[in-house]
Student: 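Next up is a structure, given as structure tokens.
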Amino acid sequence: MIDIQLLRNDGDGVAKRLATRGIDLDWPLFRELEDQRKKVQTSTEYFQSQRNALSKQIGQAKAKKDEKQVAELMAQVAEFGDKLKQMEAENAAIQAKLHEFVDAIPNLPHESVPVGDSPEQNVEQRRWGKPGKFDFAAKDHVDVGAGLGMLDFETAAKLAGARFAVMKGPVARLHRALAQFMLDVHTREHGYTEVYVPYMVSGECANGVTSLAKFRGDLFKIEERDLYLIPTAETPVTNFVRGEIVPLERLPLKYVCHSPCFRSEAGAAGKDTRGMIRNHQFDKVELVQIVHPAKSWQGHEELTAHAEAILQRLELPYRVVTLCTGDTGFASAKTYDLEVWLPGQNAYREISSCSNFEAFQARRMQARFRNEKGKAEPVHTLNGSGLAVGRTLIAILENFQNADGSVTIPAALRPYMGGMEKIARS
RNA sequence: GGAGAGAUGGCAGAGUGGUCGAUUGCGGCAGACUCGAAAUCUGUUGUACCCGUGAGGGUACCGGGGGUUCGAAUCCCUCUCUCUCCGCCA
């Protein structure tokens, strides 16, 4: 949720910044709703205060057993009882309307974010590593996996339909090894606390990190329990602090969580249908930070570096891209995407998305900390993939493939693979 | 799955229709005493929102939602969660 005070005081400024995201803020409508709200709320509260005062007097009169005065006061209250009920209903309606309006407004982009309306306007920050040269025709992960007999999309389709994967043998183990490796690096070297969480959350939690009204269609819902399968561990982990006032000295909170993620991919029909680039279910190791507002931009750079460290240790070439205003997610003020090199696609593809949400999610969740003056103030929240496990597996299969169809295991992972150096068809 | 008990401020714990946003204790903050500290004493100590330049005034909140009433922490309905016992189960 954006800061409603800012919306009231500087509607033009907010509208201008939202315009860079392609959002046309209906500022006149907001003003009209606000004017109405002011009128209705003020008079509702006036009537409430009158009723409270008279009720108090009735209590006093009853205590004195002054039945005559009680009757008089009751008559007085009755006069505006109906009016009060009507005002309260009107007030609730206008507040709900206003909330719905504000709830649908995305976060304001940070001033350092490049303006643009499509991914072509994203700005590359840096590159690490050099895409390897192959003296044979590089295959994509589907063919590499099929050649090994360890990646099976036919069986997955038989079990659950399109956009699922079955892994077998050393490839399944490699997938597990990757998650273990990432968790170890982040907990031992980057100061994160490992957490295990529910893979289903309430609608309130989902709405705490993004707009449920807008993105409900992207989630899988458990109808009979009124819960949603998590699209990312960000959802449960960030909501740890929902409704909390965190003591100053406990900040920053840094959590790392390995979880499966479930996405309906409703808007992605026909996109990345081959292989496991875009599946309904995938594993991810997620980094989440809850920080002091003065530290969030520093935290954003650090968190991004933590995710990059994984790619570097796995010797996977990648680049860092700043998403332009039009490509930045609903709740984010600024996002860096890490894109890994995929020889099979001859392209860099997203493998991590690191965002600073500033106070946007905190306001939605009512997550606060007690500041230096003792006042409760919204925290800032950050998160990033560190990394998407499925896509990391893809990157290894493609970047480390050999002419004979085998796949070399990056040195950093060998301890997690029982010393195995190569995966080959058995 | 069955039976029962409960959810109150940072914590503990009163309060069963009327000046209750809530007794009290602990904790926190400020002050007094002290060279300083402890102990003691005194005061203070929730959140959100609204109106107002301000001083100040007002509203809401006792797990969530709804209801009864002039008035609800207190009564009714409903949901959620916690605890105890029995059964079942990985």
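Letters go in sequence order (proteins before strands), and every chain restarts at 1. Values in this document were obtained by computation on a predicted structure and should not be read as measured data.
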Student: What stems show up for RNA chain B when you take Watson-Crick pairs (N1-N3 plus N6-O4 or O6-N4) and G-U wobbles (N1-O2, O6-N3), both under 3.5 Å, and require three or more consecutive pairs?
Tutor: B:1-7 with B:80-86, B:10-12 with B:24-26, B:27-32 with B:40-45, B:46-51 with B:56-61, B:63-67 with B:75-79

Student: Does the distance from a Lys or Arg side-chain N to an Asp or Glu carboxylate O, for A/D10 and A/K16, drop under 4.0 Å?
Tutor: no

Student: Answer yes or no: is there an ion pair linking A/R37 with A/E34, defined by an N-O contact shorter than 4.0 Å?
Tutor: yes

Student: Would you classify A/R368 as touching base, sugar-phosphate or nothing, given that sugar-phosphate means primed atoms plus P, OP1 and OP2, and contacts are heavy atoms under 4.0 Å?
Tutor: sugar-phosphate

Student: I need the CZ-P distance between A/R242 and B/C81, as an integer number of Å.
Tutor: 13 Å

Student: Relative to each other, are the rings of A/H300 and A/Y336 parallel, tilted or perpendicular (30° and 60° limits)?
Tutor: parallel

Student: side-chain contact (heavy atoms from CB on, under 4.5 Å) for A/L178 and A/I396? Distances and angles first, verdict last.
Tutor: CA-CA 10 Å; A/L178 279 168; A/I396 288 172; 3.7 Å; yes

Student: Are there over 12 heavy-atom neighbours, none belonging to A/R8, within less than 6.0 Å of that residue's CZ?
Tutor: yes

Student: Over how many whole Å does the gap from A/Y46 atom OH to B/C50 atom C1' extend?
Tutor: 16 Å

Student: According to a strict under-4.0 Å criterion, is A/R51 in side-chain N/O contact with OP1 or OP2 of B/A72?
Tutor: no

Student: Would you call the rings of A/H280 and A/F164 parallel, tilted or perpendicular if under 30° counts as parallel and over 60° as perpendicular?
Tutor: tilted

Student: Near RNA chain B, which residues from residues 52-61 of chain A have a heavy atom under 4.0 Å away?
Tutor: A/N52, A/S55, A/K56, A/I58, A/G59, A/Q60

Student: Using the P atom as the point on both nucleotides, what is the distance between B/C75 and B/A3, in whole Å?
Tutor: 23 Å

Student: Is the centre of the A/F330 ring less than 6.0 Å from the centre of the A/F360 ring?
Tutor: yes

Student: Check this one for me: any side-chain N or O of A/K38 less than 4.0 Å away from OP1 or OP2 of B/C50?
Tutor: no

Student: Does A/R370 place a side-chain N or O at less than 4.0 Å from the phosphate oxygens OP1/OP2 of B/G28?
Tutor: no

